2 protein chains.
Amino acid sequence: MAKNKNTEQKIFDAATELFMEKGVDRTSVRDIASKAGINLALMNYYFRSKENLFDAIFTNLVKENTKDLLNILDSDLGLEEKIRKYVDAYIDMLTTNPLLVPFFMAIIHRSQEKITQMKVISNLYGTEKFSQQIVDEGKAGTIRRTDPTHFFVDMISLITFPFAIRPLIMDRNEMSEEDFNNFIIERKEHITGLLLKSMKEC
Amino acid sequence: MAKNKNTEQKIFDAATELFMEKGVDRTSVRDIASKAGINLALMNYYFRSKENLFDAIFTNLVKENTKDLLNILDSDLGLEEKIRKYVDAYIDMLTTNPLLVPFFMAIIHRSQEKITQMKVISNLYGTEKFSQQIVDEGKAGTIRRTDPTHFFVDMISLITFPFAIRPLIMDRNEMSEEDFNNFIIERKEHITGLLLKSMKEC
DNA sequence: AATTGTTTAAAATCTAGTTTAAAACAATAT
DNA sequence: ATATTGTTTTAAACTAGATTTTAAACAATT
């Protein structure tokens, strides 16, 4: 039982990396086995099929990377502070793992039907509490009345889309990796400012 | 030579549809041949390889769908009117073909390296003239001084990202196709307002 | 009738996912 | 210690399907 978890984990980790880098359909089981340093058949032994392995990996990725964000949305912070923290945390997370967004985008296209049936997928989207907060503060008059659905879509669009088209932005503006990261850091303030301004009467 | 262009076009069209729907890697040459009603080997005869066919299709899709948008950006309209028209035209175009964005996102992930080398790819991004206009009007004081790179990224993020995550938005908000389209129509005004407001001093 | 371009059919080649069967290993019971 | 049992690993085979190549058939044109 010693090596058991170990092998399973090695397969899982190798496949995660490869799927994110090259895409699920361009990664063969032989690639995975070779990267994990294990025998071909072990993938099947532990995960039954490649598609099954993918499901496990995808579910895990969503869970791991949305936990903190959902906690922020559901916290008792005021709206401004909450948005600031959310934008910050989200961008930090994506900077750490810049392949996440492109990978998710590819998966949405690849596994459209399957994906909406996965329970974990609701993690990718906003929370009831946050929507309510926007409505409440609108009624209270601390902010302009704002449609929470549009607002949330605005927010995640502004945060995540640049990562989806990262190669284009870099190419077009002749940015190095470092330049891009700086650009993204600039965006933290920029996005927060934009969103807050959109909620102010003026 | 009568059927020549015809057959080539049939392959091209069938492949375009299938690639957009199911993704390049989940479409087989047999699928294409069968959908086009032609013999398997004809794909090779006309396009040499599947990857080659894909390149031709991708280039064509980008060209076809960016022409009008680039014309708007390069026109002599005032900034406000230009933004209004651009948002409108872009959203109309994507509504007509809601698979375009998810497909492009998947391709960016799939063909990262290749893509930045394609000449056509610069079409996907803003124009020099538009950037200059933002800088100029900022200096002239008709708008707040605005970084054109951030502004342009904001604009295309807000316009296109909702299409990239369409299934999630629909699922989360229990929208039908029609509901989603109405949501998107709402966004025309919403996005234009947001962008213009962001450029106003206040 | 010959040439050229187009289409078809069949075969070869290659790649990939999955399965099988047997061997190696580890733990536990005898 | 030996045997038994269950788990893990290995190597090879199987299956299916994809792409590509080759050669033959066909059609149109010269």
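Numbered from 1 within each chain, the chains take letters A, B, ... in sequence-line order. What you see is a predicted model, and the numbers here were worked out from it, not measured in a lab.
Between the side chain of A:Arg30 and the base of C:dG17, a donor-acceptor pair under 3.5 Å is found.
Ion pairing of B:Lys188 with B:Asp88 is present here, as a side-chain N (NZ or NE/NH1/NH2) and a carboxylate O approach within less than 4.0 Å. Taking the charged nitrogens against the carboxylate oxygens, A:Arg110 and B:Asp25 have no contact shorter than 4.0 Å, which rules out a salt bridge. Salt bridge status for B:Lys35 with B:Asp13: absent, with no side-chain N to carboxylate O gap under 4.0 Å.
Summarising the geometry, the separation between CG on A:Leu42 and C1' on D:dT10 is reported as 8 Å, rounded to the nearest angstrom. Counting to the nearest Å, the P atom of C:dA16 and the CG atom of A:Asp25 are 12 Å from each other. Counting to the nearest Å, the P atom of C:dT18 and the CG atom of A:Leu53 are 10 Å from each other. Atoms CZ (B:Phe47) and P (D:dT19) sit 15 Å apart, rounded to a whole Å. Atom CG in A:Asn44 sits about 14 Å away from atom C1' in D:dA13, given to the nearest Å. For the pair A:Lys22 NZ and C:dA16 C1', the computed distance is 12 Å after rounding to whole Å. We find that OH of B:Tyr45 is positioned 17 Å from P of D:dA24, with the value rounded to whole Å. Here D:dT19 presents its P atom at 14 Å from CG of B:Asn52, a figure rounded to the nearest Å.
Side chain of B:Ala41, nearest nucleotide from C:dT19, D:dT21, D:dT8: D:dT21.
Considering B:Asp76, B:Asp136, B:Asp74 in turn, B:Asp76 is the only one that fulfils the salt bridge (Lys or Arg N to Asp or Glu O under 4.0 Å) rule with B:Lys129.
OP1 or OP2 of D:dT19 has not a single side-chain nitrogen or oxygen of B:Ser49 nearer than 4.0 Å. Residue B:Asn39 places no side-chain N or O under 4.0 Å from the OP1 or OP2 atom of C:dT7. Between B:Ser28 and D:dA18, a side-chain N or O to OP1/OP2 separation shorter than 4.0 Å is present.
Centroid-to-centroid, the aromatic rings of A:Phe19 and A:Phe58 stay 6.0 Å apart or farther.
Heavy-atom distances to DNA chain D give each of B:Lys50 and A:Gly37 a nearest nucleotide, and the one nearer the 5′ end belongs to A:Gly37.
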